[in-house]
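Structure first, commentary second.
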Amino acid sequence: MNVNHELTGPEGAPVVVLSNSLGTDLRLWDEQVPALRERFRVLRYDQRGHGGTKAEPGPYSLADLGGDVLELLDRLGIDRVHFAGVSLGGMTGMWLGENAPKRIASLALICTSADLGGPSWSERAATVRANGMAAMVESSLPRWFTPAATGNPAIREKFTDMILSADPEGYAGCCEAIAEMDLLGGLGGITAPTLAIAGAEDPATPPSHAERIAADVPGARVEVVPSAAHLANAEQPETVNRLLLELFGGAA
């Protein structure tokens with residue numbers, strides 16, 4: 001995979017990898033990069049079929065998505081990283097924590113779940129393959145943001161563009177990766193310091209999903225972000241930035 005990515009921050013600093021959610025791209029992290037790159041080398045990238053990363057024919061698996069990260073790190077000569085992922089990005093992070101533990105220094109799992117599979121994901125994949133990404137705009141934004149943020153024209157424009165920019169085959173393949181994921185059994189093997197961050201008003205992965213992760217990952221803890229839905233890092237960046245800096249700084 002030729003994974004589209006951006007690497008910024010001071011040479012020689014510890015590396016933080018930022019992984020986007022389904023339907024977004026690396027711009028999801030616009031509010032985190034300025035805060036993180038003062039102390040860390042920041043690597044943000046686009047999942048398959050999102051942003052500037054081309055879509056391979058689906059279906060995909062989390063092993064495919066996690067493998068893309070490992071291949072990118074190897075190509076850049078990076079051995080060990082702090083990792084933050086939102087939703088699908090958090091699932092990718094859990095797969096890495098379970099299957100490549102020596103590569104993960106700490107793990108921030110934002111608005112995600114270890115058990116979110118089911119037939120609805122295959123139905124969504126079929127919908128976008130048949131009708132394109134426009135079908136996802138009006139159903140996604142109310143899950144991603146609270147009503148106050150959804151009504152913000154700048155937020156609507158930015159995140160609508162991300163959805164419409166995604167390749168339908170890549171989006172569908174990622175839906176199929178979620179449908180078939182099996183992360184629960186390996187959570188106990190994650191050794192990296194782990195923080196599960198939930199949005200208090202997230203309808204897609206409510207705080208109970210973060211609590212389930214933290215219950216199984218040794219030493220993990222949960223933080224619930226007020227006035228935030230599924231994309232808590234975009235809606236409440238100051239709170240999430242503080243939590244990320246505390247986690248990554250403490251682990252370093």
Side-chain angles (χ1 to χ4, degrees), residues 1 3 17 19-25 28 45-51 53-72 83-101 103-104 107-133 135-136 139-140 143-144 163 166-190 192 194 196 198 202-206 208-217 220 230-231:
M1 286 293 295
V3 175
V17 174
S19 183
N20 62 288
S21 61
L22 183 69
T24 68
D25 57 41
L28 172 64
Y45 74 98
D46 291 326
Q47 298 267 18
R48 292 185 179 199
H50 292 69
T53 300
K54 291 183 179 180
E56 296 287 330
Y60 309 149
S61 67
L62 284 184
D64 293 325
L65 303 182
D68 292 342
V69 176
L70 295 175
E71 182 180 327
L72 177 61
F83 191 97
V86 175
S87 195
L88 176 64
M91 297 166 193
T92 305
M94 282 183 275
W95 185 91
L96 290 165
E98 293 179 6
N99 293 278
R103 309 297 293 270
I104 305 299
L107 197 53
L109 306 172
I110 304 171
C111 299
T112 191
S113 177
D115 183 22
L116 203 64
S120 64
W121 293 103
S122 297
E123 295 165 7
R124 192 187 301 192
T127 296
V128 297
R129 284 192 174 109
N131 303 316
M133 289 306 302
M136 291 294 103
S139 61
S140 297
R143 290 196 305 269
W144 290 359
I163 296 169
D167 184 301
E169 180 61 24
Y171 184 98
C174 288
C175 286
E176 290 162 334
I178 297 172
E180 299 300 325
M181 72 177 185
D182 182 17
L183 292 168
L184 284 174
L187 292 177
I190 294 177
T194 299
D202 182 359
T205 54
S208 59
H209 288 257
E211 291 163 0
R212 176 71 185 275
I213 292 168
D216 287 356
V217 176
H230 193 51
L231 301 186

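Side-chain contact between L28 and S21 is present, with heavy atoms from C-beta onward closer than 4.5 Å. Taking the side chain as every heavy atom from C-beta outward, V69 and W95 never approach each other to under 4.5 Å. Residues L22 and H50 meet the side-chain proximity criterion, which asks for heavy atoms closer than 4.5 Å.
A pairwise comparison of heavy atoms in S113 and T205 identifies CB-CG2, 4.0 Å as the closest pair. Contact detail for M181 and G117: the closest heavy-atom pair is CE-N, 4.4 Å. Of all non-hydrogen atoms in A135 and T127, the two that sit nearest each other are CB-CG2, 4.2 Å. Closest non-hydrogen pair, I163 versus S140, comes out as CD1-CB, 3.9 Å. Of all heavy-atom pairs between G49 and A55, the closest is CA-CB, 3.7 Å. Nearest heavy atom pair, residue P203 against residue R143, reads CD-O, 3.6 Å.
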Could you walk me through whether M91 and L116 pass side chain to side chain contact (heavy atoms under 4.5 Å, CB included), step by step? CA-CA 10 Å; M91 297 166 193; L116 203 64; 3.8 Å; yes

L96 and F83: side chain to side chain contact (heavy atoms under 4.5 Å, CB included), yes or no, with the steps? CA-CA 9 Å; L96 290 165; F83 191 97; 3.6 Å; yes

Do V128 and M133 pass the side chain to side chain contact (heavy atoms under 4.5 Å, CB included) test, and can you show the C-alpha distance, the side-chain angles, and the key distance before you say yes or no? CA-CA 6 Å; V128 297; M133 289 306 302; 4.1 Å; yes

Show the numbers, then the answer: is there a side chain to side chain contact (heavy atoms under 4.5 Å, CB included) between L65 and L88? CA-CA 9 Å; L65 303 182; L88 176 64; 3.7 Å; yes

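Atoms CG and CZ, from L183 and R212 in turn, are 11.5 Å apart once rounded to the nearest 0.5 Å. Rounding to the nearest 0.5 Å gives a distance of 5.0 Å between CD of E98 and CG of L187. The OG1 atom of T92 lies 10.5 Å from the CG atom of L109; values are rounded to the nearest 0.5 Å. Atom OG1 in T194 sits 9.5 Å away from atom CD1 in I213 (nearest 0.5 Å). The distance from atom OG1 of T112 to atom NE2 of H209, rounded to the nearest 0.5 Å, is 9.5 Å. To the nearest 0.5 Å, atom CD1 of residue I110 and atom CG of residue L231 are 10.0 Å apart.
Taking the side chain to side chain donor-acceptor pair (under 3.5 Å) definition, one finds that N20 meets it with nothing, sequence neighbours left out.
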Let me have the donor-acceptor pairs involving side chains of residues 167-178, under 3.5 Å, with sequence neighbours excluded, atom names and distances please.
{"from": "D167", "atom 1": "OD1", "to": "E169", "atom 2": "N", "distance (Å)": "2.7"}
{"from": "D167", "atom 1": "OD1", "to": "G170", "atom 2": "N", "distance (Å)": "3.4"}
{"from": "E169", "atom 1": "OE1", "to": "R129", "atom 2": "NE", "distance (Å)": "2.8"}
{"from": "E169", "atom 1": "OE2", "to": "G58", "atom 2": "N", "distance (Å)": "2.6"}
{"from": "E169", "atom 1": "OE2", "to": "R129", "atom 2": "NH2", "distance (Å)": "3.0"}
{"from": "Y171", "atom 1": "OH", "to": "R124", "atom 2": "NH1", "distance (Å)": "3.1"}
{"from": "E176", "atom 1": "OE1", "to": "R129", "atom 2": "NH2", "distance (Å)": "3.1"}
{"from": "E176", "atom 1": "OE2", "to": "R129", "atom 2": "NH1", "distance (Å)": "2.9"}

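Within the structure, the side chain to side chain donor-acceptor pair (under 3.5 Å) test picks out the following pairs touching residues 54-69 (sequence neighbours left out): R48-D68, S61-D64.
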